[in-house]
Amino acid sequence: LVDGTSESALFATQEARSYYHFALMMEDIEKMFHTGKPTWPVERTLMTSGALDALLIAKRDKIDGWMETPHLSEVKYQSDWNWKQPAPWPHGRPSKEK
């Protein structure tokens, strides 16, 4: 700062394995390149992007309550999502798990 003092902030991300969530996403993208088939349906991206857009518009416009989103009802998507445990921590990376 101008007066010679200093300030700082410490941010911890991903329980000491910062950006590891991108590794999981990259595995799916790599799978798509190898198979030539989409790893997830484009409709899922349209639904999540459309929902996020509506939420941001509601926040901007201070809408407190129900907001119609008829454009999202036009997207036909039925989830077949099956959650799986992520891969273990990368070797040599710090972890809070013991």
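For reference, positions follow the sequence shown, starting with 1.
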Q. Could you walk me through whether T69 and H71 pass the side chain to side chain contact (heavy atoms under 4.5 Å, CB included) check?
A. CA-CA 5 Å; T69 55; H71 58 289; 3.8 Å; yes

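- Atom CG of D61 has more than 12 heavy atoms from other residues, nucleotides or ligands within 6.0 Å.
- Side-chain atoms of K76 come within 3.5 Å of backbone N or O of S73 as a donor-acceptor pair.
- In terms of hydrophobic clustering, with Ile, Leu, Val, Met, Phe, Trp and Tyr side chains grouped at heavy-atom distances under 4.5 Å, M26 and F33 are assigned to a common cluster.
- In this structure, OH on Y77 lies 14.0 Å from CG on L72, to the nearest 0.5 angstrom.
- Atom CG of residue D64 and atom NZ of residue K59 lie 11.5 Å apart, to the nearest 0.5 angstrom.
- Remark: the backbone N or O of L46 is not paired with any side-chain donor or acceptor of S49 at under 3.5 angstrom.
- Nearest heavy atoms, M67 versus I63: SD-CD1, 4.0 Å.
- Here the straight-line distance linking atom NZ of K37 with atom OG1 of T39 works out to 11.0 Å at 0.5 Å rounding.
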